[in-house]
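Order of the sequence lines fixes the chain letters, A, B, ..., with proteins taken first and strands second; residue numbering starts at 1 for each chain.
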Amino acid sequence: MTYIEISENPLDVQTCINLVLTPETGGINVFVGSVRNMTNGKKVVRLEFEAYTSMALKEMKKIAASIEKKWPVINIVIHHRTGVLSVGDIPVIIAVSAAHRDAAFSACKFAIDELKEKVPIWKKEIFEDGEEWVSAHP
Amino acid sequence: MTYIEISENPLDVQTCINLVLTPETGGINVFVGSVRNMTNGKKVVRLEFEAYTSMALKEMKKIAASIEKKWPVINIVIHHRTGVLSVGDIPVIIAVSAAHRDAAFSACKFAIDELKEKVPIWKKEIFEDGEEWVSAHP
Amino acid sequence: MIVEVHAYGIVKDIFKKKSVQVEIQINSTSHLREVLESLYPDLKTLSVYRFAVNEEYVLNDMILKEGDEIAIIPPVSGG
Amino acid sequence: MIVEVHAYGIVKDIFKKKSVQVEIQINSTSHLREVLESLYPDLKTLSVYRFAVNEEYVLNDMILKEGDEIAIIPPVSGG
């Protein structure tokens, strides 16, 4: 099963574990993103995440479908938060369960790498003296 | 910081996240082990974990020290449970925080691989018709 | 035809709104790109941007038709 | 000398207790291995086992001295 969600509400890691854990599960790999306090030596005040939600959900489902073709996994969760986040807040949680741990690790790594490359979600970093859409300019 | 623990109490993933998450953290990778319902086609009733606790703690600390030499990580948690566990229970949680996710993934994978090879903890699988110390015999 | 182009992230700042309507002579994304870049030259300062039509990335050029949902996708930065 | 050997996992089943005291003529782990295997031949059915002295794995042979904490480590299976 695949559980995909984009929401303004805080993400919860235990919820994600509960969604992927089954009696057949031997291992779960989880990636938890976190808002860092610094970017290139500049102090981050907050982040603002925006999504093209309908397309982002489609792209996230494609990532899950690719995983299911590549590795013997059981369940996949991809939860992404949008809106205003502060340092230490969690913008993304990915959790993958599998009978054997190697598949869970590989699939979770693949999921976050793909998400960062393809899913139409954007973050703006707000510094003390300005703001910037991440990766927008060369 | 390194947080190592062996305990008979249930493990909690949120506790582990809270221990590793810092303002400098960009990503956390977590491995959650789980008791599977089947081994080689035989139904597992429960598992019993036993540790040579003082030595196991030492070996777990060595794993954390190796990680800190190999990757730029922030905090490391290795929690292992002992005693009687049922299907779906969690024998181990490893969590590693880092500024960048690749280090967190690599370190977490290394930790569970090393733990399974070196840390003196043993599990006995109890089936409906017998029991067996895992990996004891060829 | 007249098409509506939805904006996200920095493109919303460049358009100064969530979407713009523009008239195109040729119904293709490559022509749309030219029209948009002449109206909003700041688009050319982006590292890269893609179009999405009906919530799918346009890989090369693509023919546009009435009712297509068109969006500009600047470099993504989720996660 | 007489040494106490601590048992874990399947070795506790083989010894039928948590530790045994055995007398050794040569104060080395390789000799201790021989003595234990003659007393408890089932040790030879294990895939492998190592000694730990003072909570550290013994890599090759090792001299034993009074007061050492000695344990047999059958194949580990944590996680």
Side-chain angles (χ1 to χ4, degrees), chain A residues 10-40 43-45 47 74-75 77 86-113 115-116 123 134, chain B residues 10-40 43-45 47 74-75 77 86-113 115-116 123 134:
Chain A
L11 304 183
D12 182 58
V13 70
Q14 187 62 55
T15 301
C16 296
I17 299 286
N18 296 347
L19 286 172
V20 297
L21 182 58
T22 68
E24 296 78 26
T25 298
I28 299 169
N29 192 253
V30 187
F31 177 74
V32 178
S34 166
V35 175
R36 251 203 330 270
N37 60 353
M38 298 284 267
T39 296
N40 301 327
K43 197 176 160 196
V44 173
V45 178
L47 293 192
I74 299 168
N75 288 334
V77 167
S86 305
V87 170
D89 283 349
I90 294 174
V92 65
I93 300 179
I94 297 173
V96 182
S97 58
H100 302 285
R101 70 185 184 280
D102 284 357
F105 270 99
S106 301
C108 187
K109 180 78 165 61
F110 175 85
I112 183 63
D113 288 348
L115 183 146
K116 286 186 176 259
K123 63 171 160 262
V134 175
Chain B
L11 304 182
D12 182 60
V13 70
Q14 187 63 55
T15 302
C16 296
I17 298 287
N18 295 347
L19 286 172
V20 297
L21 182 58
T22 68
E24 296 78 26
T25 298
I28 300 168
N29 192 253
V30 187
F31 177 74
V32 178
S34 165
V35 175
R36 253 203 331 272
N37 59 354
M38 299 283 267
T39 297
N40 301 326
K43 198 177 159 194
V44 172
V45 177
L47 293 192
I74 299 169
N75 288 335
V77 167
S86 305
V87 171
D89 284 348
I90 293 173
V92 65
I93 299 179
I94 297 173
V96 182
S97 57
H100 301 285
R101 70 185 183 282
D102 284 356
F105 270 98
S106 301
C108 187
K109 179 78 165 61
F110 174 84
I112 183 63
D113 288 347
L115 183 146
K116 285 185 176 261
K123 61 170 162 265
V134 174

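With a 4.5 Å cut-off on non-hydrogen atoms, A/Ala95 does not touch chain B at all.
Between chain A and the residues B/Thr22, B/Ile28, B/Asp113, the largest count of heavy-atom pairs under 4.5 Å involves B/Ile28. In terms of heavy-atom pairs under 4.5 Å with chain B, the best-connected choice from A/Ile94, A/Ile112, A/Val87, A/Ile90 is A/Ile112. Contact count against chain B (heavy-atom pairs under 4.5 Å) is highest for A/Val32 among A/Val35, A/Val32, A/Ile93, A/Val44. Options B/Pro23, B/Ser97, B/Cys108 differ in how many heavy-atom pairs under 4.5 Å they form with chain A, and the most are formed by B/Pro23.
Under the 3.5 Å distance criterion, the side-chain polar atoms of B/Thr25 are left unmatched by any main-chain donor or acceptor of A/Ser34.
Shown here for B/Phe31 and A/Phe105, the closest heavy-atom pair between the two residues is CD1-CE1, 3.6 Å. When every heavy atom of B/Val30 is checked against every heavy atom of A/Asn29, the shortest pair comes out as O-ND2, 3.2 Å.
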Pair B/Lys116-A/Arg101, side-chain contact (heavy atoms from CB on, under 4.5 Å): steps then yes or no: CA-CA 12 Å; B/Lys116 285 185 176 261; A/Arg101 70 185 184 280; 3.2 Å; yes
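Distance check, rounded to the nearest 0.5 Å: CG of B/Asp12 to CD1 of A/Ile17 gives 10.0 Å.
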